[in-house]
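On a predicted model such as this, the values are computed, not experimentally measured, just so you know. We're numbering straight along the sequence, starting at 1.
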Amino acid sequence: MIPADVMQQIQRIHIRSRRVVNDLLAGQYESVFKGQGMVFKEVREYVPGDDVRAIDWNVTARTGQPHVKVMAEEREQTVMLAVDASGSKRFGSRARLKSELAAELCAVLAYSAIKNNDKVGLLIFTDRAEHFVPPRKGRKHILRLIREILFFEPDGVGTDVAAALHYLNQVAPRHAIVFLVSDFMSGDFEGPLRITSRKFDTIAVAIDDPREFSLPDAGLIALEDSETGQVYLADTGRRRLREIYEDDGAFRRSRRSDCFKRLRVDLIELQTDTPYIGALHRFFRMRERRMLA
């Protein structure tokens with residue numbers, strides 16, 4: 001039995017995400033993520049004007065008459081949400097935790113996909129692949145995905161994006177659209193991501209909190225690493241310490257961005273203190289412009 005407060009949070013995200021899809025993102029998902037390829041439909045006799053490259057030589061040899069393969073656009077697609085559930089995702093210094101932002105964003109993407117008659121699957125990962133939900137359709141399925149993202153209790157606390165990508169490369173269906181949702185505080189994952197981006201339409205979604213890039217002038221404070229449990233004492237009253245912290249955060253963000261640019265993987269950057277809808281609009285507009293170029 002799911003506790004009442006848990007169901008209320010799921011319903012809140014459900015209502016907000018449906019409103020975003022219907023009122024603010026209407027048609028944008030469909031215009032950007034169309035059929036990802038061509039699938040075989042039938043074989044018929046050759047008629048003058050048909051492309052000779054489409055001739056099915058096996059059927060032609062068997063019947064004695066030239067036949068061609070007829071292909072059709074693959075309309076139905078699969079969206080895979082690969083969501084980081086490591087310890088650092090349970091951090092948030094402002095209105096919400098990073099995990100809560102991830103759940104609502106994934107709900108928006110899932111409802112957009114369902115509205116387009118696409119299937120949606122989920123992979124939850126930490127320093128290993130933790131939980132896989134096969135792709136399906138329907139409102140009940142989306143409610144399950146929201147619940148899993150919010151309240152699944154993983155065994156691991158670290159982050160290994162490479163391990164998640166290795167698993168995803170094995171289980172995701174052909175032509176899938178992959179949204180990789182993480183803060184990317186992980187070891188090197190460029191090699192597996194290169195493979196994933198070649199197999200699937202891959203979009204990275206980076207979820208950050210402002211306190212991961214700057215510290216307040218608050219005197220002596222204890223900082224705990226949410227993935228290792230190690231506690232550090234920091235004198236935030238020292239300006240030089242705050243500058244080093246900010247420089248390190250800027251370097252991590254720049255290195256992350258450079259990695260995705262090298263691999264030509266689109267990146268959506270979100271923060272817990274900023275509405276995500278603007279970033280989604282910019283992402284969809286960018287994809288539309290690129291398709292028309």
Side-chain angles (χ1 to χ4, degrees), residues 2-25 29 79-115 118-126 129-157 159 161 164 168 177-185 203-210 212 226-227 267-281 283:
I2 302 176
D5 60 330
V6 172
M7 281 304 303
Q8 288 175 357
Q9 187 172 5
I10 293 172
Q11 285 295 337
R12 282 197 300 271
I13 290 179
H14 160 67
I15 292 169
R16 283 200 303 265
S17 57
R18 287 192 67 180
R19 186 179 299 128
V20 168
V21 171
N22 292 330
D23 298 345
L24 301 176
L25 296 179
Y29 172 94
V79 173
M80 289 300 307
L81 305 172
V83 182
D84 179 357
S86 62
S88 61
K89 290 299 291 304
R90 294 189 288 273
F91 175 71
S93 66
R94 301 297 173 90
R96 53 188 164 185
L97 304 179
K98 292 195 288 184
S99 59
E100 292 170 339
L101 176 54
E104 186 164 340
L105 171 76
C106 287
V108 167
L109 295 172
Y111 275 116
S112 298
I114 294 296
K115 194 172 182 180
D118 295 337
K119 296 179 181 179
V120 185
L122 172 67
L123 170 64
I124 296 177
F125 69 92
T126 55
E130 293 268 3
H131 185 51
F132 177 67
V133 180
R136 291 191 179 90
K137 300 180 182 180
R139 175 179 173 275
K140 288 185 178 179
H141 181 61
I142 294 178
L143 291 175
R144 178 192 175 186
L145 298 185
I146 297 171
R147 185 186 71 233
E148 298 285 9
I149 295 169
L150 280 174
F151 302 106
F152 177 78
E153 291 294 336
D155 293 325
V157 293
T159 308
V161 174
L168 196 64
I177 301 165
V178 173
F179 286 91
L180 181 60
V181 184
S182 176
D183 52 21
F184 299 99
M185 294 185 183
I203 300 98
V205 182
I207 296 183
D208 301 314
D209 186 271
E212 294 168 332
S226 55
E227 298 196 358
L267 172 63
I268 305 172
E269 292 185 298
L270 306 179
Q271 288 215 133
T272 55
D273 65 337
T274 306
Y276 61 85
I277 189 64
L280 279 184
H281 272 309
F283 165 71

> Which pair of heavy atoms, one from Thr274 and one from Arg96, lies closest together, and at what distance?
Replying inline: O-NH2, 4.0 Å
> Rounded to the nearest 0.5 Å, how far does CZ of Phe152 lie from OG1 of Thr126?
Replying inline: 8.0 Å
> Considering residues at least two apart in sequence or located in another chain, which fulfil the side-chain hydrogen bond (donor to acceptor under 3.5 Å, both in side chains) criterion with Glu104?
Replying inline: Arg16, Tyr276
>> Can you tell me how far apart CG (Leu168) and CZ (Phe125) are? Round to the nearest 0.5 Å.
In response: 9.5 Å
>> Let me confirm one number: the CD1-NE2 distance from Ile149 to His131, rounded to the nearest 0.5 Å.
In response: 10.0 Å
> At what distance, to the nearest 0.5 angstrom, does CG of Leu145 lie from CD1 of Ile13?
Replying inline: 12.0 Å
>> Between Arg19 and Tyr111, does the side chain to side chain contact (heavy atoms under 4.5 Å, CB included) criterion hold? Intermediate values first, please.
In response: CA-CA 10 Å; Arg19 186 179 299 128; Tyr111 275 116; over 6 Å; no
> Roughly how far apart are Cys106 SG and Ile142 CD1, rounded to 0.5 Å?
Replying inline: 11.5 Å
> Of all heavy-atom pairs between Val79 and Phe179, which one has the smallest distance, and what is that distance?
Replying inline: CG1-CD1, 3.9 Å
> For Leu280 and Leu105, what are the C-alpha separation, side-chain angles and deciding distance, and is it a side chain to side chain contact (heavy atoms under 4.5 Å, CB included)?
Replying inline: CA-CA 9 Å; Leu280 279 184; Leu105 171 76; 4.0 Å; yes
> Can you list the residues that meet the side-chain hydrogen bond (donor to acceptor under 3.5 Å, both in side chains) rule with Asp84, with sequence neighbours excluded?
Replying inline: Ser86, Ser182
> How far apart are the closest heavy atoms of Met80 and Pro135, and which atoms are they?
Replying inline: SD-CG, 3.8 Å
> At what distance, to the nearest 0.5 angstrom, does CZ of Arg136 lie from NZ of Lys119?
Replying inline: 9.5 Å
> Any idea which heavy atoms bring Pro154 and Ala85 closest together, and the distance?
Replying inline: CG-O, 3.6 Å
> Can Val83 and Glu148 be said to form a side chain to side chain contact (heavy atoms under 4.5 Å, CB included), step by step?
Replying inline: CA-CA 10 Å; Val83 182; Glu148 298 285 9; over 6 Å; no
> Do you know the tightest heavy-atom contact between Glu269 and Ala279?
Replying inline: O-CB, 4.0 Å
> Given side chains that start at C-beta, do those of Phe91 and Asp183 come closer than 4.5 Å, heavy atoms only?
Replying inline: no
>> Please find the pair of heavy atoms, one from Ala164 and one from Leu123, that lie closest to each other, and give the distance.
In response: O-CD2, 3.7 Å
> Passes side chain to side chain contact (heavy atoms under 4.5 Å, CB included), Glu130 versus Asp155? Steps please.
Replying inline: CA-CA 7 Å; Glu130 293 268 3; Asp155 293 325; 3.9 Å; yes
> Is any side-chain heavy atom of Leu81 less than 4.5 Å from a side-chain heavy atom of Val181?
Replying inline: no
